[in-house]
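Everything on this sheet refers to the single structure shown next.
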Protein chains: 2
Amino acid sequence: MSYSLRQIRALTMAVETGSFGRAAARLHVSQPALTLQIRTLEESLGVTLFDRSARGVRPTLAGQALALSFQRILDELETVVAGAREQAQRRSGVVHLAVLPSVAANLLPGALARLRAAHPGIRVMVRDAVARRVAALVKAGEAELGIGHAAGPEPELEETPLFEDSLVAVLPPGHTFAAAASLTLPALAAAPLVLTDPESSLRALVEQAFAAAGLSVRPAYEATYMSTAVALVRAGLGIAVLPATAVELRVAPLLETRPIDTPLLRRRIVLLRRRGASLSPAAEALAEVLAG
Amino acid sequence: MSYSLRQIRALTMAVETGSFGRAAARLHVSQPALTLQIRTLEESLGVTLFDRSARGVRPTLAGQALALSFQRILDELETVVAGAREQAQRRSGVVHLAVLPSVAANLLPGALARLRAAHPGIRVMVRDAVARRVAALVKAGEAELGIGHAAGPEPELEETPLFEDSLVAVLPPGHTFAAAASLTLPALAAAPLVLTDPESSLRALVEQAFAAAGLSVRPAYEATYMSTAVALVRAGLGIAVLPATAVELRVAPLLETRPIDTPLLRRRIVLLRRRGASLSPAAEALAEVLAG
DNA sequence: AGTAGCTCATAATTTTTCCCTATGACTGCG
DNA sequence: CGCAGTCATAGGGAAAAATTATGAGCTACT
């Protein structure tokens, strides 16, 4: 026979009110029920908690001391539970999110602003990483959600399409290519190209597209950062191939961009989550904002 | 529908073992029972605690976090309850005791030693005070037990006789009174007396006894401390009237004591406690040692 | 002094809760 | 493909706890 929360609440309330009857009323039970709860607790602990007399009850020293300790514990419990409920209602919570740097710089700020508007209590811990690492972080559970590239069917990951990021040709001011509405791969292959460094996933995508068309890539320049590539284009040194969503393009007013005639130069940006793992309410809210 | 300790234990155990079945076994319930406990808790909190799949369960982030908090709270609860049970078994606890100085110096040390032998975990907070204050401390609940004089029927206090402390005549070495087995009040009244100071309850008792016999008291010396009185007697300056139990007499080897022929020169030393208030287990143990 | 009103305790009954056994569904492995 | 392991579901039954009704002891008021 062990003690229960009900008995503990009965004790604290009885000590607080100094009366079994009042305590029972406050706890919405009948007085005999509370009397029995107290008595059962006493038997369970082997401690006399109240001195009974015909004109009421009076807590013993042990009763007072226990009520104090129990009250503190009940308060802690209440706090913990309230916190959990608050998170369930999306009124608070933390999401760890792994994001591609390009998305972090472009799509993400607006999404986070919308999330904040809808759920001000939710905090998002953003970690930017390259595509492979985004997937690894989500797999390891270090990030509850990830924004990365579609990488085909992985058993441990579930992908939700977010949007497609096409690569575009970035032309220097007044370039003759600007006359066309779109460019072909062979035309691009013949032009001096500004590409990202050979290790990047962006570069790999470009290489694949050209190879599929039977072309080889001979970059005129390689830049690690997109802003460098943009600067090179602006200086008229070549044509860059960059994601359409890159913020660097939007802040470079004189440059023109043109789509490229191939379905291969596209990246499907997806939301990643562990398969079979339910999302926290906070993550759920973030996912909704990202997808919606 | 609210949460219970049982459900909380189910959660912590399920997170700990990573399996509903193992958790159920450890908690000595069937697996369906545990499944239901978890589910009820989830509904009560509005939180998904586990991701279920056919090959087992896996706690969600919320489940892990809650299990951690709940475990801490359960530990605290366990500690508090264990402490209470320990006190109930007299393996620990504190008693506040108010004592007459004379008893504190004489009877008490032995009693405390016996208490320590029987119940090493019990601590006694001793406060020495004059008879009136001993009663007041017990009435106010500041001392759970008191050792004082029998003061007649008080509505708030309950008295248990401990022993009787007779006043005896303390004679200088070789005094002629030593020839008699006992002394009479008139004989004493005629001798030079060493008494305690007029404010003490001891002195009041002596005055009353002499007055009842139609005699008046003319002390040759008044001493505040018994050790002073003893020194005066040893110097042959008079005969003292002191409690037989006074430790000062035992450490004064050359002095003789004789009883006095009157029932009035006796103090009934009693154990005092609040009427209707049960004793803590520790106080119970102390009371047993004192009375036994 | 008698009585009304307050307190808590007790008793018997009913309601609710909870648990257990048996079984099913699903997955992963040999 | 079947076997072993996991959790979910369903139905019957036992245990726990609540309620109502009542009793008993004290206080205070008239």
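The chains referred to below are lettered A, B, ... by the order of the sequence lines, with proteins before strands, and numbering in each begins at 1. Heavy-atom basis, side chains included; hydrogens, waters and symmetry copies ignored.
With sequence neighbours excluded, the residues satisfying salt bridge (charged side-chain N to carboxylate O under 4.0 Å, His left out) with Arg26(A) are Glu16(A). When the side chain to side chain contact (heavy atoms under 4.5 Å, CB included) test is applied to Val94(A), the partners found at least two apart in sequence or on another chain are His96(A), Arg123(A), Met125(A). Under the salt bridge (charged side-chain N to carboxylate O under 4.0 Å, His left out) criterion, Arg127(A) pairs with Glu142(A), sequence neighbours left out. With sequence neighbours excluded, the residues that form a side chain to side chain contact (heavy atoms under 4.5 Å, CB included) with Glu43(B) are Arg39(B). Not counting sequence neighbours, the partners of Arg58(B) by the side chain to side chain contact (heavy atoms under 4.5 Å, CB included) test are Arg274(A). Under the rule for a side-chain hydrogen bond (donor to acceptor under 3.5 Å, both in side chains), the partners of Ser278(B) that lie at least two apart in sequence or sit in another chain are Asp51(A). With sequence neighbours excluded, the residues forming a side chain to side chain contact (heavy atoms under 4.5 Å, CB included) with Ala283(A) are Val95(A), Glu144(A), Leu145(A), Leu279(A), Ser280(A), listed by chain and number.
When the C1' atom of dC18(C) is taken as reference, atom CG of Leu41(B) falls 15 Å away, rounded to whole Å. One atom, CZ of Arg9(B), and another, P of dC19(C), lie 12 Å apart when rounded to the nearest Å. For the pair Tyr3(B) OH and dC18(C) C1', the interatomic distance rounds to 20 Å; values are reported in whole Å.
Using a 3.5 Å distance cut-off with no hydrogens or angles, the side chains of Thr60(B) and Gln64(B) do not pair a donor with an acceptor.
If you check every strand for non-hydrogen atoms under 4.0 Å, Ala33(B) touches sugar and phosphate atoms only.
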Nucleotide N/O of nucleotides 6-13 of chain C paired with protein N/O under 3.5 Å:
residue, atom, partner, partner atom, Å
dC8(C), OP1, Phe20(A), N, 2.7
dC8(C), OP2, Gly21(A), N, 3.1
dA9(C), OP1, Arg52(A), NE, 2.7
dA9(C), OP2, Thr35(A), OG1, 3.2
dA9(C), N7, Gln31(A), NE2, 3.1
dA9(C), N6, Gln31(A), OE1, 3.3

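Protein chain B contacts DNA chain D over a range whose 5' and 3' limits, counting nucleotides with an atom under 4.0 angstrom from a non-hydrogen atom, are dG5(D) to dT9(D).
For the helix from dA1(C)-dT30(D) to dG30(C)-dC1(D), the angle separating the two terminal helix axes comes to 10°, with each axis derived from five pairs and the value rounded to 10°.
For the side chain to side chain donor-acceptor pair (under 3.5 Å) condition, the pairs that include at least one residue of residues 150-162 of chain B, sequence neighbours left out, are Lys139(B)-Glu154(B). Identified under the salt bridge (Lys or Arg N to Asp or Glu O under 4.0 Å) test for residues 279-292 of chain B, with sequence neighbours left out: Arg90(B)-Glu288(B).
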